[in-house]
Amino acid sequence: MESMHVSLILIGLSVLCPWTGALDEHELEEPVLLGPSVALEGSTVDFYCEIPGRPDGSLAVQYEIYVESNPGRAIGEYSSLSGEMATVPLVIKTQHDGRLVCKASGHNNTDIRSSLSQGLDLKVIVPVANVSILSDPAGDDVWEGQTLTLRCEKSRGTYVSYEWLWNERPYGTTDDTLIIHRLSALNSGDYMCVASNQFNDTTTFNSSSAVISVKVKEYVSKPEVSLEVKMEDAGLRAVITCRSLKGSPLNTFSLLNDTDVIATQATDRTSAVFRVPVELNRAVGRVRCNASNEGNWVLSERVNLTVESVGGAVTVTPVTHTGRDFQVVGLVLRCAVERGSFPHYRWFLNSTRLEGRGGFYAVAWSDGSVLSLSVGPDSAGFYHCEASDSFDNRTSVRSANMLINEEVLNRVSPAAALVVLGCFALLNAAVMCCCVYGVVLRRRYSGKNLLIEQRRRMEIAVEHEDEEEDDNYPETLESYEEDAVLADKMSDSAEEDDGSVDETLLYEDAVSK
């Protein structure tokens, strides 16, 4: 029984550790895998694998090539029966892209431990094809302020780069996705994606998508209201125009008073016209427009719908334009009536109406209220303007006549000449007074400065005298102060004497003559 137990133990050990000594004796070194790093799909490429130093020719080696991410499936194999290098030709497929490794093991010999090579990175180039653009939202249904996402999709292709074109110009991104935030009308246009890849820097594959047109729709802007009154067969009508600067159709315009909707129009345009009956000189109130599209709505400012007829005084205000030597060379006349909602003006020269533009005049502004003139012989005469309702010129009011003449406009009145001469005389007198005062002030201050300097020198000399002369110093200083006072008085007296002498000499000279 004991011998039987020993036999079983030996059999178990042999099963668990078969040929331990042989495993250590025939362990294979790490193989080396050689081959290209880039290959084109569908091409046939040779890869090489060998064990450095070449094993003994009596030992057969099995070489297998795997993609590292899928080690359970060999993509190529070679049996080296006499120690030669393994050459493994591969027809390149997309799934070969990645890191390749070579496994070396004993050929039909499980007693030899296998070994793996270092990885070899392989890029499989699949030519790009069938490129299209996916838009979110659709290119014909985008509104300003939204975000547009354009994605460039392909049916096949690896290691692809992208270029976006907008209206046939590069847009500035190389990603497969183009995102545009806060869309505006400026982003409207034709978009295209061009996808490309390259093999060995010699062969380039390109595929372009179809053009996708993007039309950014705009929300309707705040409308402006213009008002015109016309006399029609049915009576007086207010023609109200509501106009927005932008707005993609369909746009809806409504005319409102303070509480109710007067009328509504839906249009493909950015404006709408409403005709409302009105009565002259009757208070109607104010109206405004509402514009809307795609859930957006905006209100205009209110306008007064009351129509007042023209009446009251008519005034003409001139503004002159001067040229060389301050001569009047042109005039601008502005006409205004005291009251009236829609006045229209007409200009007359000597009872002849001036319209549009002539040789020396031009009627400006839509209501004709401004008349520009060049002053000359042709423009001389009496001018006046008349105001009437723009919708009914059967009655009008006029201004007083205004004489416009080149000689009259450039004549200087005696009163103006007297004022100018008087101002010039006053200016000369002021200059003379300043000069005389400056001369007198200079002479007085020069004399006083001289005495002060002499006194300073005297004080310095007295300080350096001996002690025996100190008793006489107060008397000397007092005597000096009396002399200074006397000199100052003599200076003032001299100035007065100068004046009196001058007058005496002048008088004597006049008598002798």
Side-chain angles (χ1 to χ4, degrees), residues 38 40-42 69 93-98 123-199 203-223 243-254 264-272 290-299:
V38 180
L40 189 63
E41 181 193 37
S69 60
K93 300 179 181 179
T94 307
Q95 55 266 33
H96 296 165
D97 186 85
K123 291 182 178 180
V124 177
I125 304 299
V126 179
V128 64
N130 300 329
V131 174
S132 60
I133 297 178
L134 180 63
S135 176
D136 182 28
D140 57 353
D141 191 28
V142 291
W143 288 83
E144 59 181 347
Q146 289 184 321
T147 297
L148 175 66
T149 301
L150 300 178
R151 183 174 292 105
C152 192
E153 296 189 336
K154 62 187 186 304
S155 64
R156 61 194 313 268
T158 57
Y159 302 97
V160 177
S161 60
Y162 300 89
E163 180 183 17
W164 287 93
L165 301 179
W166 174 65
N167 293 333
E168 300 182 352
R169 298 193 300 270
Y171 195 79
T173 182
T174 57
D175 296 331
D176 63 342
T177 302
L178 174 62
I179 300 177
I180 307 174
H181 300 282
R182 294 182 294 277
L183 285 170
S184 70
L186 298 177
N187 300 119
S188 297
D190 295 331
Y191 290 83
M192 176 187 291
C193 172
V194 179
S196 62
N197 54 2
Q198 200 172 48
F199 173 65
T203 305
T204 302
F205 306 96
N206 293 304
S207 180
S208 300
S209 70
V211 172
I212 179 172
S213 295
V214 175
K215 176 64 175 177
V216 180
K217 299 180 182 180
E218 296 178 300
Y219 292 113
V220 67
S221 62
K222 180 179 179 179
R243 187 181 306 278
S244 296
L245 293 178
K246 63 176 185 176
S248 298
L250 187 65
N251 298 314
T252 301
F253 293 91
S254 299
T264 299
Q265 288 186 24
T267 176
D268 290 339
R269 306 174 62 185
T270 56
S271 64
N290 175 63
S292 62
N293 67 344
E294 193 64 21
N296 173 62
W297 61 275
V298 281
L299 285 170

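Only this structure's heavy atoms are used, side chains among them; waters, hydrogens and symmetry mates stay out. Numbers for residues simply follow the sequence, beginning at 1.
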Side-chain contact test, heavy atoms from C-beta onward, threshold under 4.5 Å: evaluate it for Thr204 versus Gln198 and give yes or no.
yes
Option among Lys246, Lys217, Arg182 that satisfies the salt bridge (Lys or Arg N to Asp or Glu O under 4.0 Å) test with Glu144:
Lys246
Within the 4.5 Å heavy-atom criterion, are Ser188 and Val216 side-chain neighbours or not?
yes
For Arg269, I'd like to know if atom CZ has over 12 heavy atoms of other residues, nucleotides or ligands within 6.0 Å.
no
Donor-acceptor contact below 3.5 Å, side chain Thr270 vs main chain Gly247
no
Any donor and acceptor pair, going by atom type alone, linking the side chain of Asn296 with main-chain N or O of Val220 inside 3.5 Å?
yes
So, the side chain of Trp164 versus the backbone of Asp175: is there a donor-acceptor pair under 3.5 Å, distance only?
yes
Any side-chain heavy-atom pair from Phe205 and Leu40 closer than 4.5 angstrom?
yes
Any heavy-atom pair between the side chains of Thr158 and Val124 that's under 4.5 Å?
no
Counting only heavy atoms not in Leu245 (residues, nucleotides, ligands), do more than 12 fall under 6.0 Å from its CG?
no
Beyond-backbone contact of Lys154 with Ser207, side-chain heavy atoms, under 4.5 angstrom:
no
Could you give the distance from CZ (Arg151) to CD1 (Ile179), rounded to the nearest 0.5 Å?
8.0 Å
At what distance, to the nearest 0.5 angstrom, does CG of Asp136 lie from CG of Asp141?
11.0 Å
Do side-chain atoms of Asn187 reach the backbone of Ser184 as a donor and acceptor pair under 3.5 angstrom?
yes
Could you tell me if the ring centre of Tyr219 sits under 6.0 Å from that of Trp143?
yes
Any donor-acceptor pair under 3.5 Å from Asp176 side chain to Tyr162 backbone:
no
Under a 3.5 Å distance rule, please check whether Trp166 uses its side chain to pair with a backbone N or O of Met192 as donor and acceptor.
no
If we ignore hydrogens and angles and just use 3.5 Å, is the side chain of Ser254 paired with the main-chain N or O of Asn290 as donor and acceptor?
no
I'd like to know if the side chain of Asn293 and the backbone of Ser248 have a donor-acceptor N/O pair within less than 3.5 Å.
yes
Distance check, rounded to the nearest 0.5 Å: Tyr191 atom OH versus Ile180 atom CD1?
3.5 Å
